[in-house]
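Written below as structure tokens is the structure these notes are about.
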Amino acid sequence: MSEIFLEELPGVGPATAEKLKEAGFNTIEAVAVASPAELANTAEIGESTASKIINAARQSADIGGFETGEMVLERRKLVGKLLTGCVEFDEMMGGGIESQAITEMYGEFGSGKTQIAHQLAVNVQLPKEQGGLGGSVIMIDTENTFRPERIKQMVEGLSERKGVDYDYEEFLKNIHVARAYNSNHQILLVDSASELANELKDTDKPVRLLIVDSLTAHFRAEYVGRGTLADRQQKLNKHLHGIQRFGDLYNAVVIVTNQVMSKPDAFFGDPTKPIGGHIVGHTSTFRLYLRKSKGDKRIIRLVDSPNLPDGEAIISVTTGGLVDQ
Ligand code: GTP
Ligand code: MG
């Protein structure tokens, strides 16, 4: 990412730069992918000024406009694949969970969403040769379900399986967790996540995984009743775009979790439908539907992907982490 300061863009004085930073636009790249209206609102400037700033940012960040297929291929070469450590699951994902994309996991309580999130928070820290991305993790925890004890158990399990003596304390150091107390706070935390990722980008543990667990719980609890649905979807949509932008800018894997409607909201509601409906569905690149099976077994179905066939994988959730069934 470029080392140029926001103040160096034409039309951006120190006061505007400060406002942009407060709103989470702390890099040229973040400004470059913003919409004029978004920037105008946050920095209290006119839309035409905002457009000029965005264009200048696009030029200096070298993004925006059309890309040739060759360029897309070049960018796609940077896409990292994070292994879950379960053979069927990794194969179903085409060799791991991709960075620069949102992967949504939805399923009922106890289906394993949070467990998989914990396991990925461990695996992503491993070097590439071992299936990780050599990076650190940011976790936005909305339900207070992050458990350092589980990380310890999973690191111990991994040590046993790989025959390497990993130190769980080193792993815990690279997991940055923030509780989100309500949906607005949750949205703001994506900005804080960008700040942190920016700080860590040139270290030996750049952020390579963003987890939002649960994406939808606060929204569901706060926006009740039919009249609020449009508002909820609009906010969720904006939130998801902020999350997607994070994944693109930092070449990070993005995992969001989502419950299904166990008590159908509408009379004819499908009890296996994820919350957030088509907004979440259209913005996430990969959708995984998790179901409980016998004992510790969990069935994971890939239901939506731009380049992979739909499929099913079975894993076991054990004390030492996720393993093949
Ligand atoms: P909600 O957040 O409630 O929607 O569910 P979830 O999909 O996030 O479920 P989660 O990933 O928390 O799965 C919980 C299940 O994982 C438990 O019911 C156990 O079956 C399993 N599990 C959790 N911790 C352990 C553990 O330490 N050992 C073993 N063997 N299993 C565990
Ligand atoms: Mg959970």
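Note that ligands are numbered from 1 as they come in the structure, with each ligand's atoms numbered from 1 the same way. Just so it is clear, the structure is predicted and the values come from calculations on it, not from any experiment.
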Atom 4 (O) of ligand 1 [closest protein heavy-atom partner, distance rounded to 0.1 Å]: Lys113 NZ, 2.8 Å
Quick check on Glu160: does its CD atom have over 12 non-hydrogen neighbours (other residues, nucleotides or ligands) under 6.0 Å away? no
Could you check whether atom CG of Asp165 has more than 12 heavy atoms from other residues, nucleotides or ligands sitting under 6.0 Å from it? no
Rounded to the nearest 0.5 Å, what separates atom CD1 in Ile116 from atom CG in Asp213? 10.5 Å
Got an N/O contact under 3.5 Å between Arg298 and ligand 1? yes
Starting at NZ of Lys294, measure out to CD1 of Ile314 and round the result to the nearest 0.5 Å. 10.5 Å
Taking atom CD of Gln234 as the centre, report whether more than 12 heavy atoms of other residues, nucleotides or ligands fall under 6.0 Å from it. no
Can you sort out which atoms of ligand 1 are near Glu108, meaning under 4.0 Å from one of its heavy atoms? 7 (O)
Gly107 N/O to ligand 1 N/O under 3.5 Å: no
Tell me whether ligand 1 is touched by Asp296 - counting only heavy atoms on the residue side and a distance under 4.0 Å. no
Sub-4.0 Å atoms of ligand 1 with respect to non-hydrogen atoms of Gln153: 27 (O)
Using heavy-atom distances, let me know which of Asp213, Thr319, Thr142 sits nearest atom 30 (N) of ligand 1. Thr319
Protein residue, atom and distance nearest to atom 8 (O) of ligand 1, heavy-atom basis: Thr114 OG1, 2.7 Å
Nearest non-hydrogen protein atom to atom 14 (C) of ligand 1, with distance, is Gly110 CA, 4.0 Å
Any idea which of Gln115, Lys297, Glu149 brings a heavy atom closest to atom 10 (P) of ligand 1? Gln115
Can you measure from CD (Gln259) to OG (Ser111) and round to the nearest 0.5 angstrom? 8.5 Å
Less than 4.0 Å is my threshold; does some heavy atom of Arg150 fall inside it relative to ligand 1? yes
Gln100-Asp248 side chain donor-acceptor pair, cut-off 3.5 Å: no
Presence of N, O or S from Thr257 under 2.8 Å of the Mg ion (ligand 2): no
For atom 31 (N) of ligand 1, which protein heavy atom lies nearest, and how many Å away is it? Val317 O, 4.0 Å
NE2 of His241 to OG of Ser35: how many Å apart, nearest 0.5 Å? 11.0 Å
Could you check Glu38 against Arg245 for salt bridge (charged side-chain N to carboxylate O under 4.0 Å, His left out), going step by step and ending with a plain yes or no? CA-CA 14 Å; Glu38 199 182 352; Arg245 183 185 298 170; 3.4 Å; yes
